[in-house]
Peer 1: 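Right, I'll just put the structure down here and ask away after.
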Amino acid sequence: PGLLEPMSTLVRVPKSASTLGIAIEGGANTRQPLPRIVTIQRGGSAHNCRQLKVGQVILEVNGISLRGREHREAACLIAEAFKTKEKDYIDFLITEFN
Amino acid sequence: REKRLTLPPSEITLL
């Protein structure tokens, strides 16, 4: 269903560094209902993949929708996705629009 | 719009 989001893009981030290297803000019941990327750290996996940008909103992580999830829950899902050894990448469904 | 303004800001988490 996430793929039906207008103007959304699937970005696969290989785990190329020991950190993911993004900061997010937002989550359900805040002014920013879906997590938005506010920082990309140089040298992190996200920076290395060159496709994630500050300001993008994350709709899904490995096919799991972040809609309705509070900030901490969304952050945990992303942290778990980075930590798991099942995959050597994370798929983000992102949109440029809030 | 009113409701939106009353929603709190989010914390920021580095991942």
Side-chain angles (χ1 to χ4, degrees), chain A residues 11 13 15-49 52 54-58 61-62 64 66-84 89-90 92 94 98, chain B:
Chain A
V11 174
V13 178
K15 296 175 186 174
S16 60
S18 61
T19 61
L20 176 58
I22 64 171
I24 57 159
E25 70 168 1
N29 306 316
T30 73
R31 284 174 203 165
Q32 172 62 47
L34 280 164
R36 191 175 75 99
I37 299 173
V38 292
T39 309
I40 296 186
Q41 292 190 309
R42 202 162 292 199
S45 300
H47 184 258
N48 291 346
C49 102
L52 291 181
V54 168
Q56 290 172 335
V57 171
I58 304 172
V61 177
N62 287 341
I64 301 168
L66 298 185
R67 208 170 285 282
R69 296 188 197 272
E70 294 199 342
H71 178 79
R72 272 172 205 208
E73 194 184 353
C76 278
L77 273 168
I78 296 170
E80 294 288 325
F82 190 75
K83 203 167 66 178
T84 182
Y89 58 84
I90 307 178
F92 289 100
I94 55 103
N98 251 325
Chain B
R1 196 165 191 95
E2 281 292 314
K3 191 188 169 199
R4 201 179 160 81
L5 289 171
T6 64
L7 284 170
S10 167
E11 56 192 304
I12 293 176
T13 301
L14 179 62
L15 293 158

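So that the names make sense, note that chain A is the first sequence line, chain B the second, and so on, each numbered from 1.
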Peer 1: Find out whether B:L15 and A:I24 are in side-chain contact, i.e. whether some heavy atom of one side chain is under 4.5 Å from a heavy atom of the other.
Peer 2: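 They are in contact (side-chain heavy atoms under 4.5 Å apart), so the answer is yes.
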Peer 1: Calculate, to the nearest 0.5 Å, the distance between atoms CZ and CG belonging to A:R31 and B:L7 respectively.
Peer 2: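 Reported to 0.5 Å precision, the distance equals 8.0 Å.
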Peer 1: To the nearest 0.5 Å, how far apart are OG1 in B:T13 and CD1 in A:I78?
Peer 2: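 It is 9.0 Å, given to the nearest 0.5 Å.
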Peer 1: Mind listing the closest non-hydrogen atom pair of A:G26 and B:S10 along with its distance?
Peer 2: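 The pair with the smallest heavy-atom distance is N-OG, 2.6 Å.
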Peer 1: Side chain, backbone, both or neither: which part of A:E70 has a non-hydrogen atom closer than 4.5 Å to chain B?
Peer 2: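 It is neither, since no heavy atom gets under 4.5 Å.
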Peer 1: Tell me the closest heavy-atom pair linking B:I12 and A:E25, and the distance in Å.
Peer 2: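 The answer is CG1-CB, 3.6 Å.
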